[in-house]
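I have placed the structure first, in the form of structure tokens, so that the comments after it can refer back to it.
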Amino acid sequence: MLYNPSPDYVNTVHCTQEAVYPLYTIVFIYYAFCLVLMMLLRPLLIKKIACGLGKSDRFKSIYAALYFFPILTVIQAVGGGLLYYAFPYIILVLSLITLAVYMSASEIETFKDLLVRKKRLVVLFSHWLVHAYGIISISRMDKLERDLPLLALVPGPTLFYLLTAKFTDPSRIRLEEGSGH
């Protein structure tokens, strides 16, 4: 795990622990820390606080945690790499979902509704920033002439929402159903 490869037997590549190792194993260190503190402190707290419970009931929380820590460790070991790989896509999708939820909850249907309050613009620009980060993360900006135009897609979801909001107004749909159209 701490091995740094030497491809030409002369130069050592110091990449393994610098990029992935601390990000991936910090969770394992946290779980180990929690396990040690649980084994040291929880029995003392249970003895002081839960003295009215039966002896078998007192230690069920410790036994439950002893089952959960290995399960969480396996989930981190298997899913941590997947999360590390899928993070830009998750950011992009969550940016789109939260933007749509915010705009519908704030009842923003026109560009004018967007400009009424400064808070709405701040939220919009923060969503755009997260969306741009997701696009940059996915494209990795290897070739700027190819990848930089992708940033023009950042306001796309907002424009799509503003252009189609008038067609999806639930109150208008209910009125049309009631009138028989």
Side-chain angles (χ1 to χ4, degrees), residues 1-106 119-120 122-144 147 150-151 153-154 156-158 161:
M1 191 175 352
L2 298 174
Y3 175 71
N4 290 319
S6 300
D8 56 359
Y9 300 106
V10 176
N11 298 325
T12 303
V13 180
H14 297 281
C15 64
T16 53
Q17 80 265 19
E18 292 173 10
V20 178
Y21 177 69
L23 300 174
Y24 186 71
T25 59
I26 192 79
V27 179
F28 295 123
I29 294 169
Y30 172 73
Y31 287 154
F33 186 67
C34 286
L35 186 65
V36 168
L37 284 178
M38 182 195 67
M39 295 304 288
L40 291 176
L41 297 178
R42 204 176 258 187
L44 298 173
L45 291 173
I46 287 175
K47 189 174 182 180
K48 286 213 178 247
I49 295 172
C51 56
L53 293 173
K55 213 167 208 336
S56 64
D57 292 336
R58 283 191 218 170
F59 298 106
K60 282 186 179 179
S61 64
I62 293 176
Y63 293 135
L66 288 174
Y67 284 114
F68 284 120
F69 275 121
I71 292 170
L72 291 173
T73 304
V74 168
I75 289 172
Q76 169 64 21
V78 173
L82 297 174
L83 181 67
Y84 183 75
Y85 175 75
F87 184 73
Y89 301 100
I90 293 170
I91 289 293
L92 200 60
V93 168
L94 288 178
S95 167
L96 291 173
I97 291 171
T98 56
L99 179 67
V101 168
Y102 176 75
M103 291 181 80
S104 64
S106 298
K119 178 185 173 189
R120 290 181 177 175
V122 169
V123 170
L124 176 69
F125 288 135
S126 64
H127 276 95
W128 281 3
L129 184 69
V130 171
H131 195 76
Y133 175 75
I135 290 174
I136 289 170
S137 306
I138 291 171
S139 69
R140 295 193 178 110
M141 290 291 171
D142 294 334
K143 295 180 181 177
L144 285 180
D147 296 335
L150 291 174
L151 292 178
L153 296 172
V154 169
T158 305
Y161 182 86

What pairs with [X] under side-chain contact (heavy atoms from CB on, under 4.5 Å), at least two apart in sequence or on another chain?
X: Leu40; answer: Val36
X: Pro88; answer: Ser137, Ile138
X: Leu66; answer: Leu35, Met38, Met39, Ile62, Tyr63
X: Ile75; answer: Ile71

Between atom [atom1] of [X] and atom [atom2] of [Y], what is the distance when rounded to the nearest 0.5 Å?
X: Ile135; Y: Ser95; atom1: CD1; atom2: OG; value: 8.5 Å
X: Leu99; Y: Ser104; atom1: CG; atom2: OG; value: 9.5 Å
X: Leu41; Y: Cys34; atom1: CG; atom2: SG; value: 11.0 Å
X: Ile26; Y: Ile29; atom1: CD1; atom2: CD1; value: 4.5 Å
X: Ile136; Y: Asp147; atom1: CD1; atom2: CG; value: 9.5 Å

>> Quick check: closest heavy atoms across Tyr102 and Arg120, and the distance to 0.1 Å?
In response: OH-CG, 3.4 Å

> Looking only at heavy atoms, which two atoms of Gln76 and Tyr31 are closest? And how far apart?
Replying inline: CB-CE1, 4.5 Å

> Quick one: ring-ring contact (aromatic ring centres under 6.0 Å, His included) partners of Phe28, sequence neighbours excluded?
Replying inline: Tyr24

Only pairs under 3.5 Å count here: list side-chain donor-acceptor contacts from residues 126-134, not counting sequence neighbours, and write none if there are none.
from	atom 1	to	atom 2	distance (Å)
Ser126	OG	Val122	O	3.3
Ser126	OG	Val123	O	2.7
His127	ND1	Val123	O	2.9
His127	NE2	Thr98	OG1	3.0
Trp128	NE1	Thr158	OG1	2.9

